[in-house]
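Take a look at the structure set out below.
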Amino acid sequence: MRRACLLTVAALCGILNSAELGAANAPKGRILEQSPGYYRLRVGDYKITILSDGTPPRELSKIMSDPDKVRASLEASHETDPTPFSINAFLVDTGSLRILIDTGAGPLFGTRSGHLIANLRAAGYTPEEVDAILLTHIHGDHSGGLSSAGKPVFPKALLYVDRREADHWLGAAAAANAPPEQRGAFEQSRRAVAPYQQAGRIRTFNGATGLFPGIRSVPEYGHTPGHSGYLVERQGQRLLVWGDIVHSAEVQFAEPTVTITFDVDPRAAAATRKTILNAAARQGYMVGGAHLPFPGIGHVRVDGGGYAWVPAPYQANP
Ligand SMILES: [Zn+2]
């Protein structure tokens with residue numbers, strides 16, 4: 001009995017000691033840092049690196065068109081509201097060119113965004129090595145990483161965007177007619193793009209266009225007037241980097257009619273979502289989403305009257 005008690009006390013002391021030691025040795029402030037947010041993938045002979053810009057929490061029931069459905073879908077997925085909102089960008093390395101699709105939000109969400117450059121460097125690239133930037137659209141969570149303090153973050157890159165997108169956000173007409181709460185978005189767009197504009201480095205394209213070998217734009221108008229996906233196709237493999245076709249995997253695969261307040265034309269956005277989801281499911285190509293949980297790559301399948309998200313399995317040796 002006495003021996004058992006001693007053993008118990010000794011065991012407890014051991015636990016206490018190791019706990020104390022653990023606290024003393026824990027690297028202060030580092031214990032909850034995430035691993036670098038990049039993920040590799042191949043599309044034929046092209047190397048893709050997906051970059052996380054962050055996961056700012058967003059209260060989706062306040063910004064989507066059917067709050068009850070949003071709450072129920074999040075709850076059924078064991079998610080809370082606000083929920084982490086992935087912001088992903090895609091670097092395509094063709095061997096001779098490095099092409100970045102979207103640039104993240106920069107400082108738009110404080111310390112919860114703007115991690116793209118750190119993750120780009122962790123992945124072995126520098127901003128100076130980026131030859132071209134393809135914007136899916138000019139919203140702040142895609143263009144906010146373009147510039148910092150009036151200087152281009154990617155000093156050698158040409159900037160490609162659908163001309164409808166440039167006309168809407170950079171032209172005078174839409175901004176003049178915008179309600180006051182939307183004026184900030186126009187100002188943000190101009191600030192982000194200005195250093196590239198001043199340097200004559202903006203290239204607009206008109207709808208479906210082959211931009212680089214194996215890379216073409218896919219019109220996905222609705223969320224914004226020139227919202228575009230980019231299809232990477234090499235050696236029989238296809239990846240559609242689709243931008244903002246889906247803002248919430250938990251909600252919009254099953255219910256593609258649910259829209260978000262940032263849709264410039266919600267009806268067109270929902271129709272485009274259905275068209276693209278249907279094409280992806282029927283044709284079976286891989287998709288990459290700006291706001292699907294990082295790394296945001298996978299397939300779409302038909303599920304009842306809607307669709308379901310099938311995340312790609314993790315690959316340690318891509
Ligand atoms: Zn977005």
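Note that ligands are numbered from 1 as they come in the structure, with each ligand's atoms numbered from 1 the same way.
Ion pairing of D265 with R267 is absent here, as no side-chain N (NZ or NE/NH1/NH2) approaches a carboxylate O to less than 4.0 Å.
Residue H223 does not count as close to the Zn ion (ligand 1), with no N, O or S atom under 2.8 Å. At a cut-off of 2.8 Å, H142 coordinates the Zn ion (ligand 1) through an N, O or S atom.
Contact check for Q283 versus R238: side-chain heavy atoms found under the 4.5 Å cut-off.
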Would L292 and W309 count as a side-chain contact (heavy atoms from CB on, under 4.5 Å) here? Give the steps.
CA-CA 9 Å; L292 296 171; W309 176 231; 3.6 Å; yes
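A tilted orientation is assigned to the rings of H137 and H142, their planes being inclined by 30° to 60°.
Atom OD2 is the N, O or S atom of D244 at the shortest distance from the Zn ion (ligand 1). Sorting the N, O or S atoms of D141 by how far they are from the Zn ion (ligand 1) puts OD2 first.
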